[in-house]
Amino acid sequence: MATTLVLGGIRSGKSRFAESLLPAEGPARYLATGSSLAGDEAWATRVAAHRSRRPSHWTTAETTDIATELRTRAPLPTLVDDLGGWLTAAMDARGAWDAGADAVTADIGALVEAVAAYSVDLVIVSPEVGLTVVPATAAGRLFADALGTLNQAVAAHCDRVLLVVAGQPLAIKGAHT
């Protein structure tokens, strides 16, 4: 059993690489956190590309309740894609854009506990937002800070942490296999 966090920037290849870490044969679960954005054709194209790459033997759940999925479903090798989408939904649901990041502290805690307790292979994808300028807007800074905190908390419970740049993985913690 291994828990792996795959970090990377936009279009870095992190999702495609993370998908390669799940078994080629046998059951696996894909937890997709990106919500549908009605009328946004570019987003729909991105979602469709992700869907088309998934093998037919994988089970997909489109959800923003990762902790419950990990705690209550039969343990299967699982890919979570991605924490940025999950965090955005949690911040929306809790009014964190106005209330501040403390509004999602309990959600982050529940997610981290579920990751730590998961008993089979788990691959988690998350954007790495710390490699760019500090966002110019309050909402951008709030999100970047909260995601940085979330990534650190999840990484502390992972056997491996990989950074994907231009489709190439770099081991940050643990060995890349």
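Worth saying up front: this structure is predicted, and the values here are computed from it rather than measured.
The side chain to side chain donor-acceptor pair (under 3.5 Å) search around Thr4 returns Arg160, not counting sequence neighbours.
Nearest heavy-atom pair, Leu22 versus Arg29, reported as atom, atom and distance to 0.1 Å: CD1-O, 4.2 Å. Between Cys158 and Val161, the closest heavy-atom pair is CB-CG2, 4.3 Å. Nearest heavy atoms, Leu7 versus Pro127: CD2-O, 4.3 Å. Nearest heavy atom pair, residue Ala18 against residue Val6, reads CB-CG2, 4.1 Å. Minimum interatomic distance between Val129 and Ala144 (heavy atoms only, all atoms of both residues): CG2-O, 3.6 Å.
Considering only heavy atoms from C-beta on, Tyr30 comes within 4.5 Å of Glu19 through its side chain. Put simply, the side chain of Leu147 does not reach to within 4.5 Å of the side chain of Trp86, judged on heavy atoms. In this structure, the side chains of Val115 and Thr3 come closer than 4.5 Å at one or more pairs of heavy atoms. When side chains are defined from C-beta on, Thr78 counts as touching Leu31, because their heavy atoms get closer than 4.5 Å. Between Leu111 and Glu113, the closest side-chain pair of non-hydrogen atoms is not below 4.5 Å. The closest side-chain heavy-atom distance from Met91 to Leu142 is below 4.5 Å. Side-chain contact between Asp102 and Thr105: present, with at least one pair of heavy atoms (C-beta onward) separated by less than 4.5 Å. Here the side chains of Thr33 and Leu83 are not in contact, with every heavy-atom distance at 4.5 Å or above.
The CD atom of Gln152 sits 12.0 Å away from the NE2 atom of His157 when rounded to the nearest 0.5 Å. Here CG of Asp92 is found 6.5 Å from CH2 of Trp97. Values are rounded to the nearest 0.5 Å.
Linking ILVMFWY side-chain heavy atoms closer than 4.5 Å, directly or via other members, places Val120 and Ile66 in a single hydrophobic cluster. In the hydrophobic clustering of ILVMFWY residues, with side-chain heavy atoms under 4.5 Å counting as a link, Leu87 and Leu131 come out apart. Connection of Leu79 to Leu76 is not established within any shared hydrophobic cluster, with ILVMFWY side chains joined at heavy-atom distances below 4.5 Å, either directly or through further cluster members.
Using a 3.5 Å distance cut-off with no hydrogens or angles, the side chains of Asp81 and Ser15 do pair a donor with an acceptor.
Formation of a donor-acceptor pair under 3.5 Å by the His57 side chain with backbone atoms of Pro27 is not found in this model. Using modelled atom types, no side-chain atom of Ser12 and backbone atom of Ile10 make a donor-acceptor pair closer than 3.5 Å. The backbone N or O of Asp65 sits nowhere less than 3.5 Å from a side-chain atom of Thr68 that would complete a donor-acceptor pair. With hydrogens and angles ignored, the 3.5 Å screen pairs a side-chain donor or acceptor of Arg141 with a backbone N or O of Pro135.
Residue Lys14 is tested with Leu163, Val165, Val125, Leu162 for a side chain to side chain contact (heavy atoms under 4.5 Å, CB included); the sole match is Val125.
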